[in-house]
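To start, the structure under review is shown below, and the notes come after it.
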Amino acid sequence: MSKRIGVLTSGGDCPGLNAVLRGVVHAASRQGWEILGFLDGYEGLLSPVQYRILDSSSTAGIMHLGGTILGTTNKGRFVAKVRHGENATLDPAIIEEAKETFEGLDLDSLICIGGDGSLTTALQLQQAGINTVGVPKTIDNDIEATAITFGFDSAVACVVDALDRLHTTAKSHKRVMVLEVMGRYAGWIALHGGLAGGADIILLPEFPFDLNIICKIIKEREAKGAFNTMVVCAEGACPIDGGFTTKQTNRTGETRLGGVGELVAEAIGDRTGKDTRAVVLGHLQRGGNPTALDRILGTRFGVEAIELIMQGRYGHMVSYQNYRVDAVRMEDAVSHLKQVQQDTQLVDTCKQVGISFGT
Ligand code: F6P
């Protein structure tokens, strides 16, 4: 039976979104189904309704492109995540309008590609009677129900490239370099990027750091003839005697993290006398072309989303576990933040190769 399926990309963009869209379109067209791509996330469902038909020609040559051809937003009327761990309930009038669009366009289901906030929105739509299927997306890799999200590998590759570059200049000038990376309240980007990029110290949101320990390590390294030190600092890293460093709260009430790298660099400079510089990698981590892994994962997730619709498994989210793509119930998946733990194997690996967490 012919079906019309809606798809949208919501929340912060990340490399691999276009690979998902392409995967969705190819798998759907094999069934003879039509795909409508809503523009600018869930906002496209509201008046003036905005969508475009996605077919094999409009999705040709997009897999390697970063960003999303549909546009996205992490603001607006559908934001269902406010601060760390807080969920917001959507305005019933907004849900009703989205439902009218869904029914008016005779859609069978809606594929929602987004992070935990956007998937929380998808769950609320599902509960209101809109058939939804979730596809987890975030560079932060902080969704518990999937071992990995696409976009993460590309972000880590960006961190590693930055560290490779910073290494050479740090070494030449015998400096301490502090690289602040994204990840919100989870330290996965810092942990993976730091290990792969040869960091000496990695500061994570999950392990409050002690500046005395960091400075002691730098001095000990100096005494052994290692005159430069590379510090990777997650934007959500906190000192043992302080909280998150934030920039401002945006209009939706969401806290924006940022600035801790500069604070750490200043403190290191003051306490050790070392020439120290801070670099904020920022949105470079979200932009650019996806890695091969993210292209493959994105394609697999897109194809699986159509498979779930074929099986009538609405209210489920695509997930990756044990080298296989499968699905979990959305309500079991959202709001479980995946964070680095003391017993995370990679933490031990880092320690074994001499990396300190400043603890
Ligand atoms: O969740 C993805 C992410 O890139 C975080 O790592 C970062 O804190 C945040 O989004 C930045 O959001 P914005 O694009 O609104 O500045």
Side-chain angles (χ1 to χ4, degrees), residues 9-17 20 40-43 66-68 71-88 112-122 134-144 146 148-159 162 179-194 202-206 232-238 243-262 279-288 290 294 298 333-340:
T9 53
S10 170
D13 70 331
C14 81
L17 283 168
V20 180
D40 299 336
Y42 291 100
E43 291 291 315
T68 160
T72 187
T73 179
N74 55 7
K75 311 188 289 227
R77 294 164 284 182
F78 283 92
V79 172
K81 183 139 243 134
V82 186
R83 287 192 183 80
H84 186 195
E86 288 175 33
N87 287 335
C112 306
I113 311 171
D116 59 347
S118 305
L119 294 172
T120 304
T121 297
V135 177
K137 160 247 58 153
T138 166
I139 62 164
D140 303 338
N141 200 31
D142 60 355
I143 299 177
E144 180 67 54
T146 182
I148 188 165
T149 48
F150 61 89
F152 173 64
D153 188 60
S154 304
V156 168
C158 178
V159 172
L179 178 66
E180 181 181 306
V181 302
M182 282 185 169
R184 229 180 271 260
Y185 304 106
W188 298 108
I189 295 177
L191 182 67
H192 286 246
I202 302 176
L203 308 179
L204 304 176
E206 295 88 344
V232 171
C233 180
E235 62 181 358
C238 305
F244 297 117
T245 308
T246 57
K247 281 188 184 144
Q248 70 202 58
T249 299
N250 65 21
R251 265 169 282 135
T252 57
E254 193 180 32
T255 308
R256 283 183 64 208
L257 297 171
V260 63
E262 187 66 48
V279 174
V280 181
L281 199 48
H283 289 78
L284 290 171
Q285 293 157 96
R286 287 232 307 257
D294 283 339
V334 296
S335 299
H336 293 296
L337 192 69
K338 180 173 67 184
Q339 288 186 296
V340 179

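Order of listing sets the numbers, starting from 1, for every ligand and every atom in it. Sequential numbering from 1 along the given sequence is applied to the chain's residues.
- The ligand atoms of ligand 1 that sit less than 4.0 angstrom from a heavy atom of I139 are 4 (O).
- In terms of polar-atom proximity, M182 is not counted as a contact of ligand 1, lacking any N or O under 3.5 Å from an N or O of the ligand.
- Contact atoms of ligand 1 toward R286: 3 (C), 4 (O), 9 (C), 10 (O), 11 (C), 12 (O), 13 (P), 14 (O) (distance under 4.0 Å to a heavy atom of the residue).
- Under 4.0 Å is where a charged nitrogen must lie from a carboxylate oxygen, and between R184 and E235 no such pair does.
- For the pair G12 and ligand 1, no heavy-atom separation below 4.0 Å is found.
- Heavy-atom distances between N74 and ligand 1 reach below 4.0 Å in at least one pair.
- Within the 4.5 Å cutoff, side-chain heavy atoms of F150 are placed close to those of L17.
- Judged by distance alone, with hydrogens and angles left aside, the side-chain atoms of T72 form no donor-acceptor pair with the main-chain N or O of G41 at under 3.5 Å.
- Nearest to atom 10 (O) of ligand 1 by heavy atom, out of K247, K137, R184, H283, is R184.
- For the pair T138 and ligand 1, the shortest N or O to N or O distance does not fall below 3.5 Å.
- Each of the atoms 5 (C), 6 (O), 7 (C), 8 (O) of ligand 1 lies under 4.0 Å from some heavy atom of E235.
- Contact annotation: for Q285 versus ligand 1, there are no heavy atoms closer than 4.0 Å.
- Using a 4.5 Å cut-off on side-chain heavy atoms (C-beta onward), F244 and V260 make no contact.
- A pairwise comparison of heavy atoms in F152 and I139 identifies CD1-O, 3.2 Å as the closest pair.
- T121 places a side-chain N or O within 3.5 Å of a backbone atom of F78 that can act as its donor or acceptor partner.
- Under a 3.5 Å cut-off, the side chain of Q339 and the backbone N or O of E206 do not form any donor-acceptor pair.
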